**Q** 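Let me begin by handing over the structure; questions about it come next.
Position 1 is the first residue of the sequence; numbering continues from there. In this text the structure is predicted, and so the values were computed from the model without any measurement. Each ligand, and each atom within it, is numbered from 1 in the order the structure gives.
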Amino acid sequence: MKAGFYQFKPQFGKNAANTKKIIKALEKVEAELIVLPELALSGYYFRDAKEALLLAEDPNQSANIDSIKNLCKKNNNYIVIGFLEKSKDKCFNSSALIGPKGIIHIYRKLHLFNEEKLCMSPGDIPLKVNEINGIKVGMMVCFDWAFPEVVRTLAMNGAEIICHPSNLVLNFCQQTMLSRCLENRVYAITANRFGLDKRPHGSLRFTGKSQIVSPKGELIFRALSQREACHYDDIDPTESHDKFITKHNDLFLDRRPEYYKC
Ligand code: ACM
């Protein structure tokens, strides 16, 4: 299958303009699965919870999410998009798996990063693996990379590809994901944004370098740091089925959970 990402620079608070940009970039894409960054519609650096709520989208009543759904229908493909999800008076840092028939699943980021804790609620739904055209995909969002339990849980539940919308500001994740993929023998597509969110309360620069990593921990492709990139490769998700790292070591069967107390 062809799978990849779109790395771009969302404009803060310009949800409709960001949606338009995504549609234009992905209109002619010939990939079955494309992953977009975290908070791809709203931008990232909210002043406070009140501002976040104003920019959040209720996926059941959002013209912007509807446009992404229409794009998937038109192209008969799947998009994973990070977005700020409004649910009653709360908002979540979420990721939606969308296909030709609409939203398949929404994941709510479990591990909020730094000041996100002041603006959003932590995820309240268990990790889940979904099937698209017989391919098993899991979702996690950005800072979830620092919790090895997330990829492990998704991989142990059969995920072949981890879709990883991100807005990374630290420099550790891209390299760490090579290990996450190797130790779980799973593909990961990290779609990061680049550029700056320059706000009155401060500025944040994002690191780009979106990437596709194989179940052998090999970097298939990494984008540049501060450049727009729409990239996809031919990958074989069944490579994630082989959990052997040596002839005598199946990384899942060799686990000794009875000795792990944490
Ligand atoms: C992050 O979780 N956006 C760093």
Side-chain angles (χ1 to χ4, degrees), residues 5-15 18 22 35-49 51-53 55-57 79-86 90-97 106-125 127 138-154 162-181 188-199 201-213 222-226 228-229:
F5 58 80
Y6 175 41
Q7 168 173 308
F8 76 110
K9 177 170 63 169
Q11 294 182 67
F12 186 85
K14 302 258 168 63
N15 294 31
N18 291 326
I22 292 167
V35 185
L36 294 166
E38 177 183 10
L39 300 171
L41 302 179
S42 59
Y44 181 83
Y45 201 15
F46 310 109
R47 186 180 55 229
D48 51 27
E51 183 180 61
L53 201 56
L55 292 170
E57 311 260 354
I79 288 177
V80 169
I81 179 170
F83 76 107
L84 183 63
E85 181 193 358
K86 181 170 160 46
K90 285 187 176 175
C91 56
F92 296 93
N93 188 339
S94 297
S95 169
L97 171 62
I106 291 178
Y107 163 70
R108 294 172 168 171
K109 186 177 186 178
L110 289 174
H111 304 97
L112 296 178
F113 177 73
N114 206 359
E115 288 154 279
E116 288 175 26
K117 290 189 175 187
L118 311 177
C119 303
M120 296 173 255
S121 299
D124 54 0
I125 303 172
L127 292 159
M139 291 188 282
M140 65 182 213
V141 174
C142 204
F143 191 49
D144 285 330
W145 69 265
F147 300 83
E149 295 87 348
V150 176
V151 178
R152 174 59 44 109
T153 301
L154 291 169
I162 309 284
C163 299
H164 183 206
S166 295
N167 276 188
L168 294 158
V169 292
L170 304 177
N171 280 314
F172 310 116
C173 171
Q174 286 89 340
Q175 219 45 29
T176 303
M177 285 306 290
L178 306 187
S179 303
R180 293 284 169 275
C181 290
I189 302 172
T190 297
N192 193 19
R193 65 163 286 182
F194 70 101
L196 196 70
D197 260 0
K198 194 161 185 282
R199 304 295 324 284
H201 57 285
S203 293
L204 280 179
R205 180 172 289 283
F206 302 91
T207 60
K209 297 185 186 173
S210 299
Q211 63 185 24
I212 305 173
V213 181
R222 181 179 283 167
L224 293 173
S225 166
Q226 298 299 312
E228 193 163 310

**Q** I need the minimum non-hydrogen distance between Gln226 and Phe206, along with the two atoms involved.
**A** NE2-O, 2.7 Å
**Q** Is a side-chain donor or acceptor of Asn167 paired with a backbone partner of Tyr44 at a separation under 3.5 angstrom?
**A** no
**Q** With a 3.5 Å distance limit and no angle check, can you tell me whether Arg180 reaches the backbone of Trp145 through a side-chain donor-acceptor pair?
**A** yes
**Q** Cys142 heavy atoms, cut-off 4.0 Å: which ligand 1 atoms fall inside?
**A** 1 (C), 2 (O), 3 (N), 4 (C)
**Q** What atoms of ligand 1 come within less than 4.0 Å of a heavy atom belonging to Glu38?
**A** 1 (C), 3 (N)
**Q** Hey, is ligand 1 close enough to Phe143 that some N/O pair sits below 3.5 Å?
**A** yes
**Q** Is there a donor-acceptor pair under 3.5 Å between the side chain of Gln211 and the backbone N or O of Ala188?
**A** no
**Q** Tell me whether Glu116 reaches ligand 1 (any heavy atom closer than 4.0 angstrom to a ligand atom).
**A** yes
**Q** Identify the closest protein heavy atom to atom 2 (O) of ligand 1: which residue and atom is it, and at what distance?
**A** Lys109 NZ, 2.7 Å
**Q** Within ligand 1, which atoms have a heavy atom of Tyr44 less than 4.0 Å away?
**A** 3 (N)
**Q** Are any of the side-chain heavy atoms of Glu228 and Gln7 separated by less than 4.5 Å?
**A** no
